[in-house]
Amino acid sequence: MMISPGSTVELAALPGAGSLLAGGTDVLVQRRDGRDFGTLVDVTNLADAPAVVERRDGLLILSALAPIAELDRQLGESLPGLRMAIGCFASQQIRNRATLGGNLANASPAADCVPPLVAAEAVLVLRSAAGTRRVPVDDFAQGPRRTCLQAGEWVHAVEVPDLNDRVEGFRKLAGRRALAISVASLAWSWRETPDGLKEVRLAAGAVAPTVIRCKQTEVLLNTKQPTATANQPTTGPTGVAAPAAVTAAAVTAALQADISPIDDLRASAAYRRAALAGVLVEALGAHLLEVL
């Protein structure tokens, strides 16, 4: 049985026995695995759903209920990391149905759209009959297929700081270019300054029970200026003493301490460790080539 409420008031008034459907691209897969969804409640036809993309009060407000293909079209040049993730998300047909709300609530550690949202400091707007609350995306997933959603709550929108001074990116490693679950993924966001990288945020997927921040690596990169070798000028471009250099080996070691991958059918833990380190060093290397 499926119900399709026409407004958030109708949705909030429904009893909590059903399963909310925001795209539903994973429903058949999970049904084959034995999950019983009960009544399906489609939340993608709400007349008062949020606008696909809205700019307000220094925020980009993204609908969690709109197809990610439409979200990609309306983002323009904003949030390049998220747009990269959408570009390698499943297939065009699935992107025409899938939503940010579904990708988030499914709580897969390999979710494509979640690492860029974590790197961009997104906050989720959760709605229910009891009202609205906001949860940092970092705190939303509690484990594989588990979230902090309470009974009757749904992910209504995603708020992201509307910044234009960030370098953002995303890289997904998988067995093929499309229709493949991530083996490992990495999203990054930082500011470039004459004295190195600032406000570095890194988020990794498929290397822990949830998408995670790589906090030890962030601390290393936020306190020391990346360099491909140990050679570093004693003063930075501003004339102030330059931070101590950090090598690719040091970045790799910090990343290894942040992640806890497993062996499974898609890849070994050792491969995930080596591959993700290569992605991060490559991302930092591209930055170095631009500034040297």
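Numbering of residues begins at 1 and proceeds along the displayed sequence.
F170 and L255 sit in two unconnected hydrophobic clusters of ILVMFWY residues. Membership requires side-chain heavy atoms under 4.5 Å apart, directly or through other members. If you chain together hydrophobic residues whose side chains sit under 4.5 Å apart, V200 and V279 fall into the same group.
Side-chain contact between F89 and I94 is present, with at least one heavy-atom pair separated by less than 4.5 Å. Within the 4.5 Å cutoff, side-chain heavy atoms of V135 are placed close to those of C148. N222 has its side chain out of reach of L220: every pair of non-hydrogen atoms, C-beta onward, lies at least 4.5 Å apart. P261 has its side chain within reach of R273: a pair of non-hydrogen atoms, C-beta onward, lies under 4.5 Å apart. For the pair S268/D263, a side-chain contact is recorded, criterion being any heavy-atom separation below 4.5 Å from C-beta on. The side-chain heavy atoms of L197 and L284, taken from C-beta on, include a pair separated by under 4.5 Å. Between H156 and L126 there is no side-chain heavy-atom pair separated by less than 4.5 Å. Between P209 and P109 the shortest side-chain heavy-atom distance does not fall below 4.5 Å.
Here the closest heavy-atom approach between residue L149 and residue A105 is recorded as CD1-CB, 4.3 Å. Considering all non-hydrogen atoms of both residues, R272 and V183 come closest at NE-O, 2.6 Å.
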Atom pairs and distances, side-chain donor-acceptor, residues 55-65, under 3.5 Å, sequence neighbours left out:
{"unit_1": "R55", "atom_1": "NE", "unit_2": "D162", "atom_2": "OD2", "d": "3.1"}
{"unit_1": "R55", "atom_1": "NH2", "unit_2": "S78", "atom_2": "OG", "d": "2.3"}
{"unit_1": "R56", "atom_1": "NH1", "unit_2": "E54", "atom_2": "OE1", "d": "3.1"}
{"unit_1": "R56", "atom_1": "NH1", "unit_2": "E54", "atom_2": "OE2", "d": "2.6"}
{"unit_1": "S63", "atom_1": "OG", "unit_2": "L65", "atom_2": "N", "d": "3.0"}
{"unit_1": "S63", "atom_1": "OG", "unit_2": "A66", "atom_2": "N", "d": "3.2"}

Counting only pairs under 3.5 Å, give me each side-chain donor-acceptor contact of residues 110-123, with atom names and distances, residues two or more places apart or in other chains.
{"unit_1": "D112", "atom_1": "OD1", "unit_2": "K172", "atom_2": "NZ", "d": "3.4"}
{"unit_1": "D112", "atom_1": "OD2", "unit_2": "K172", "atom_2": "NZ", "d": "3.0"}

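Side-chain polar atoms of D48 and S7 form no donor-acceptor pair below 3.5 angstrom. Between the side chains of N106 and Q30, at least one donor-acceptor pair of N or O atoms lies under 3.5 Å. Looking only at atom types and distance, the side chain of T193 has no donor-acceptor partner in the side chain of D195 under 3.5 Å away. For the residue pair R166 / S189, a side-chain donor-acceptor distance below 3.5 Å is found, with atom types taken as modelled. In the model, T217 has a side-chain atom that pairs as donor or acceptor with a side-chain atom of D258 under 3.5 Å.
Rounded to the nearest 0.5 angstrom, N96 CG and T25 OG1 are separated by 11.5 Å. Atom CD1 of I68 and atom CD1 of I86 lie 5.0 Å apart (nearest 0.5 Å).
In Q92, the CD atom is crowded: over 12 heavy atoms of neighbouring residues, nucleotides or ligands sit closer than 6.0 Å.
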